[in-house]
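Heavy-atom basis, side chains included; hydrogens, waters and symmetry copies ignored.
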Protein chains: 2
Amino acid sequence: MDIRTRLISTAEQLFDRHGFTATGMDRLTQAAGISSRTLYKHVGSKNGLMAAVLNERDRRFHRLVSGDSVDALFGALETWFAEEGARGCLFLRAWGETGGNVQEIAEAMARHKDRLRQRIEGIVVVEIGRPDDELAEAILLLFEGATHAATYRGGAAVDGARRAARRLIEGARTQGLSS
Amino acid sequence: MDIRTRLISTAEQLFDRHGFTATGMDRLTQAAGISSRTLYKHVGSKNGLMAAVLNERDRRFHRLVSGDSVDALFGALETWFAEEGARGCLFLRAWGETGGNVQEIAEAMARHKDRLRQRIEGIVVVEIGRPDDELAEAILLLFEGATHAATYRGGAAVDGARRAARRLIEGARTQGLSS
DNA sequence: GCATGTGTAAAATGATCGTTTTACACTCTC
DNA sequence: GAGAGTGTAAAACGATCATTTTACACATGC
C-alpha cells in the first residue's frame, strides 16, 4: 500500500476514534509506521493532514453514497456505520475542534456539505420527478440528524430517518398530483 | 456574580467557540479572572469543568425549551442560535473530543439526550393526542439535524426542520383519524 | 486574637505538543 | 559510480499542556 494512503487512512481512524487535537503526531507516525520527517514531507503540517483526511473521506463517502433513491441513501449510511461506527460528522468535528479558523479545514467541510446537498437534490428529482427545495432540505436534515443521533441511538436513528423521509416523499408526490 | 457561575459560563463560551482541547487552563483562568488554584478547588480537573459546563448547559437548555408544541421547540432553537451562534451540539462535541472515554462527560451527554427525547415525546402527545414513537424519533432527528446543519446553512436549517416536523405531524393526525 | 476558609499571584512540575534537524541507508537513473 | 530522491531513527526545538506547590492577603466567627 502506498505510504501516503496508509498515513491518511490510519490518521482518519485515529482522528475519528480519539479526536483530532487529542491525537498526537507521535501516535500517528507510530501507527502508520513512518518517520515524522516523512509525514511532514507528505502533508506539510497537522492541519494539512487533517484536511487531506477530510478530502479523502469525502471521496470515499460519495463513492458509497451513489444511489438514486432515499433507500439507497440511508442504506449507504447504515453500511457506513456498521463498518466504522457512528461518532458524528468528522467534517463538523474537525471544524469545531479548530474553532472554524483553519481555512483548508473549513473549506473541506463546506465542499463536503455542498456536495451532499447536491446529491440529495438529485435524489429528490428521481423520487418525485421534479426539484423540491423544501423536500431536499428536509432529507438533508434527516441525514444530518441520523449521522449524529446514531452516536447515542444506534441503528434506530437511521431507520427513523429513512421512514420519515419516505413519508415526506409520499406527501410531496400526492401533492404534485393534486395541484 | 458567583465565582463558580462566572467560571462555568466563561468556560462554556470558550469551549464552544474554540473547542475543548484547544482551550487551555491559562486561557480559562485569565478569562474568568480567577487563579488556577481556585479553579481546581471548584471543579477538580479539566474534565470536571467540562462536565460541569455540560450539566449547566443542559439545565439552561431545558429552561429555554419548555413549550408544548413543535413551533415552540424549533422557535427556542432559533432563539438559541440567534443569541449564541450555531456550532453543533456541545455535548456531542465534548464526547467526540474525549473519544467517549471520560465517564462524567459521556454520562452528561447521555442524560441530556435522554431528556431531549422525553421532551419531544411529550410534545408529540400534545400535538396529536397520543404517543407515537416513530413521530417522536423523526422530530428528534430533525432537531438534531437542524442543530448541526445550522452551522453551515444558518437559519434555513431550523426553518426546514420546523416545516418538515409540521408535515409529519399533519400526516400522523389524519392517519389517526382514518384508522 | 487566633484559627479557618477562601481567595490571589507566581513559580515549578513533568509530560507532551507540533515541528525541525542531524546523520545515515537504500534505490533508482544518467 | 556520482547524484538525486526517498525513506528511517533519534534527538532537539521551544512552546504549551494540566496540575501542584509555595507564599501571602483578607475576611469570618468562636
Show each protein N/O and nucleotides 24-26 of chain D N/O combination with a separation under 3.5 Å, one pair to a line.
none

(Q) Reading 5' to 3' and counting Watson-Crick or G-U wobble pairs with both distances under 3.5 Å, write the dot-bracket notation for DNA chain C, | for bases paired outside the strand. (A) ||||||||||||.||||.||||||||||||
I'd like a table of atom pairs between the protein and nucleotides 5-9 of chain D - only N or O on both sides, under 3.5 Å - with the distance next to each one.
{"residue": "dG7(D)", "atom": "OP2", "partner": "His42(A)", "partner atom": "NE2", "Å": "3.3"}
{"residue": "dT8(D)", "atom": "OP1", "partner": "Gly33(A)", "partner atom": "O", "Å": "3.4"}
{"residue": "dT8(D)", "atom": "OP2", "partner": "Ser35(A)", "partner atom": "N", "Å": "3.2"}
{"residue": "dT8(D)", "atom": "OP2", "partner": "Ser35(A)", "partner atom": "OG", "Å": "3.0"}
{"residue": "dT8(D)", "atom": "OP2", "partner": "Thr38(A)", "partner atom": "OG1", "Å": "2.2"}

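- Not counting sequence neighbours, the partners of Phe91(B) by the ring pair (Phe, Tyr, Trp, His ring centres under 6.0 Å) test are His112(B).
- Between Phe20(B) atom CZ and dC17(D) atom P the separation is 16 Å, expressed in whole Å.
- Annotation: Glu107(B), atom CD; neighbour count of heavy atoms from other residues, nucleotides and ligands within 6.0 Å is above 12.
- Nearest approach of Phe74(A) to Ala165(A), heavy atoms of both residues: CE1-CB, 3.8 Å.
- When the P atom of dC17(C) is taken as reference, atom CG of Leu14(A) falls 12 Å away, rounded to whole Å.
- Side chain of Glu127(A) to main chain of Val70(A): a donor-acceptor pair is present (N/O by atom type, distance under 3.5 Å, no hydrogens or angles).
- A side-chain hydrogen bond (donor to acceptor under 3.5 Å, both in side chains) check over residues 90-102 of chain B, counting only residues at least two apart or in different chains, returns the pairs Asp16(B)-Arg93(B), Thr21(B)-Glu97(B).
- For Arg153(B), the salt bridge (Lys or Arg N to Asp or Glu O under 4.0 Å) partners are Glu137(A), not counting sequence neighbours.
- Protein atom CE of Met25(A) is 11 Å distant from nucleotide atom P of dC17(C), rounded to whole Å.
- Of the possible donor and acceptor atoms, one in the side chain of Asn55(B) sits under 3.5 Å from a partner among the backbone N and O of Ala51(B).
- Applying a 4.0 Å cut-off to non-hydrogen atoms, none of the residues of residues 93-107 of chain A approaches DNA chain C.
- When all heavy atoms of Val53(A) and Ala11(A) are compared, the pair lying nearest together is CG2-CB, 3.8 Å.
- Arg60(A) meets the salt bridge (Lys or Arg N to Asp or Glu O under 4.0 Å) test with Glu12(A), Glu84(A); sequence neighbours excluded.
- The shortest side-chain heavy-atom distance between Ile120(B) and Leu73(B) falls under the 4.5 Å cut-off.
- Shown here for Ala164(A) and Leu142(A), the closest heavy-atom pair between the two residues is CB-CD1, 3.9 Å.
- Heavy atoms only, all atoms of each residue included: His42(A) and Ile3(A) are closest at NE2-CG2, 3.2 Å.
- A salt bridge (charged side-chain N to carboxylate O under 4.0 Å, His left out) check over residues 139-149 of chain A, counting only residues at least two apart or in different chains, returns the pairs Lys113(A)-Glu144(A).
- Remark: the backbone N or O of Leu92(B) is not paired with any side-chain donor or acceptor of Arg87(A) at under 3.5 angstrom.
- Following rounding to the nearest Å, Arg27(A) (CZ) and dG18(C) (P) show an atom-to-atom distance of 11 Å.
- The aromatic rings of Phe143(B) and Phe61(B) sit perpendicular, their planes meeting at an angle over 60°, well past the 30° parallel limit.
- Classification of Glu170(A) and Arg167(A) as a salt-bridged pair fails, no side-chain N sitting under 4.0 Å from a carboxylate O.
- Residues from residues 43-54 of chain A lying near DNA chain C, meaning a heavy-atom separation below 4.0 Å, are Ser45(A), Lys46(A) in numerical order.
- Using a 4.0 Å heavy-atom cutoff across all strands shown, Thr23(A) reaches sugar-phosphate atoms only and no base atom.
- If you take CG of Leu7(B) and C1' of dT6(C), they are 15 Å apart, rounded to a whole angstrom.
- For Asp114(A), the salt bridge (Lys or Arg N to Asp or Glu O under 4.0 Å) criterion is met by no residue, not counting sequence neighbours.
- Shortest non-hydrogen contact noted between Glu121(B) and Ala136(B) is CG-CB, 4.0 Å.
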For nucleotides 12-16 of chain D, print each protein N/O atom paired with a nucleotide N/O atom at under 3.5 Å, atom names and distance only.
none

